[in-house]
2 protein chains.
Amino acid sequence: MSDAIPLARTDAALIALRRILRATEQYERELAQAVGLTPAKLRVLQILSAETGRPAPPSRLAGRMGVSQATVTALVDQLETRGYVLRERSVADRRQLLVRLTQAGAEALAQAPDALQQNFVQGFQALQDWEQAMLVASLERVAAMLNASGIDASPVLTLGEIGRPRG
Amino acid sequence: MSDAIPLARTDAALIALRRILRATEQYERELAQAVGLTPAKLRVLQILSAETGRPAPPSRLAGRMGVSQATVTALVDQLETRGYVLRERSVADRRQLLVRLTQAGAEALAQAPDALQQNFVQGFQALQDWEQAMLVASLERVAAMLNASGIDASPVLTLGEIGRPRG
DNA sequence: GGCGATTCTTTGCCAATCGAAGCATCCCCA
DNA sequence: TGGGGATGCTTCGATTGGCAAAGAATCGCC
């Protein structure tokens with residue numbers, strides 16, 4: 001069991017990473033389902049919402065999501081059908097569209113409240129101050145390591161809206 | 001706590017988490033592509049490989065991957081067609097199948113060397129001993145928090161084979 | 001004025017995934 | 001010993017997410 005080789009530590013780190021990954025993916029799925037959406041569509045709404053209400057062109061959404069524009073088109077189509085977003089032509093550049101979150105979309109999004117980060121946020125906030133700081137530092141460090149290869153890694157909070165003292 | 005708004009820290013943690021997520025997903029895609037496989041199929045091979053060569057029943061694969069058995073059936077079908085795995089009936093319980101990694105499968109897997117964790121593993125191993133320990137502790141802590149909702153979170157190293165000092 | 005670049009959509013395709021139904025086999029218990 | 005229910009897997013049908021390539025509208029520069 002207790003190996004002498006130091007590599008076991010790398011293993012442990014990767015295993016933990018993988019668990020984080022899986023847990024988060026699963027959360028995302030559950031969250032989406034709770035709102036009656038699919039994960040991809042939910043992500044669109046979340047990105048839009050994270051832009052503080054400003055409409056965003058499909059190209060931007062594609063960049064943020066790391067998918068092609070064709071995919072975004074399909075997703076926006078479906079969201080538009082449900083009335084969660086709407087397309088408006090940009091006046092400055094008429095080639096460009098702007099996808100805007102509607103009232104209905106924002107409400108749908110709001111229905112996916114904590115549910116998701118419940119566990120994490122609660123656990124996190126129960127920690128001592130220095131522990132929180134350490135965790136954040138560690139996570140950012142890991143992210144930086146992984147990100148060394150130059151991924152965009154937009155800071156979009158796909159995990160749901162956060163930092164809102166509910167109520 | 002001294003800070004006026006402690007929530008900013010939660011935000012930071014979630015953002016970092018999200019970046020880790022995205023980076024890893026993208027890595028996975030690249031890795032799979034390098035081997036000429038899709039992420040899902042690659043994952044099957046990896047799990048099989050992680051079991052140190054012992055064949056595993058589809059149910060186990062499904063559990064590890066967090067997908068349904070129907071999905072595993074489809075994936076194994078395709079891997080079998082390519083000769084990367086083969087199915088054998090269990091003698092102990094003839095309802096059960098065992099999926100075994102073939103030589104060809106192992107070789108395909110071996111072609112997906114580091115590539116993936118290159119960045120992470122190298123960065124990680126360059127750290128001081130205590131830093132490594134701290135990171136592992138932090139990651140495991142985060143995983144535990146997320147996992148509080150009772151996700152299986154198998155310790156399978158879907159990130160690829162690890163602990164290999166690159167040759 | 002026109003040609004190349006940009007932005008989005010359309011079309012046609014494939015991979016991943018699920019639920020439900022179906023089938024073989026096992027195991028318990030009367 | 002023989003059912004009957006549980007278990008393990010596959011099949012079937014459907015949906016979602018995703019891409020590449022071709023098409024259409026518009027822009028901007030020369």
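Order of the sequence lines sets the chain letters (A, B, ...), proteins ahead of strands, with each chain counted from 1. Here the structure is a predicted model, which is why all the values come from computation and not from measurement.
Judged by distance alone, with hydrogens and angles left aside, the side-chain atoms of Thr71(B) form no donor-acceptor pair with the main-chain N or O of Val67(B) at under 3.5 Å. The closest donor-acceptor contact from the side chain of Arg9(A) to the backbone of Asp129(B) lies under 3.5 Å. Although no hydrogens or angles enter the test, the distance criterion places no donor-acceptor pair under 3.5 Å between the side chain of Ser90(B) and the main chain of Gln96(B). At least one donor-acceptor pair closer than 3.5 Å links the side chain of Glu131(B) to the backbone N or O of Gln128(B). Judged by distance alone, the side chain of Gln33(B) and the main-chain N or O of Thr38(B) form no donor-acceptor pair under 3.5 Å.
Remark: Arg94(B) engages no residue in a side-chain hydrogen bond (donor to acceptor under 3.5 Å, both in side chains) (not counting sequence neighbours).
Through side-chain heavy atoms spaced under 4.5 Å, either directly or across other Ile, Leu, Val, Met, Phe, Trp or Tyr residues, Leu98(A) is tied to no other residue.
Gln69(B) comes within 4.0 angstrom of a nucleotide base, judged by non-hydrogen atoms across all strands.
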Go through Leu109(B) and Val35(B) one step at a time and tell me if the side chain to side chain contact (heavy atoms under 4.5 Å, CB included) criterion holds. CA-CA 7 Å; Leu109(B) 200 49; Val35(B) 197; over 6 Å; no
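Helix-axis bend for the helix from dG1(C)-dC30(D) to dA30(C)-dT1(D): the local axis fitted to the five terminal pairs at one end deviates from that at the other end by 10°, rounded to 10°.
Boundaries of the chain A contact region on DNA chain D are dT16(D) to dC27(D), first to last in 5' to 3' order (nucleotide atom under 4.0 Å from a heavy atom). Here chain B contacts DNA chain C (any atom closer than 4.0 Å to a heavy atom, that is under 4.0 Å), and the contacts span dA15(C) to dC26(C) from 5' to 3'.
The residue among Arg95(A) and Gln96(B) whose nearest nucleotide of DNA chain D is located toward the 5' end is Gln96(B). Residue whose closest nucleotide on DNA chain D sits further toward the 5' end, between Arg60(B) and Ser68(A): Arg60(B).
Residue Tyr84(A) comes nearest to Ala108(A) through the heavy atom pair CZ-CB, 3.8 Å, listed as atom of the first residue, atom of the second, then distance. Considering all non-hydrogen atoms of both residues, Ala40(B) and Met65(B) come closest at O-CE, 3.8 Å. Across Leu135(A) and Met145(B), no two heavy atoms sit closer than the pair CD1-CE, 3.9 Å.
The pair Glu51(B)-Arg100(B) fails the salt-bridge criterion, with no side-chain N (NZ, NE, NH1 or NH2) lying under 4.0 Å from an Asp/Glu carboxylate O. Taking the charged nitrogens against the carboxylate oxygens, Asp77(B) and Arg87(B) do have a contact shorter than 4.0 Å, which makes a salt bridge.
Listed by residue number, the members of residues 70-92 of chain A with any heavy atom below 4.0 angstrom from DNA chain D are Ala70(A), Thr71(A), Leu75(A).
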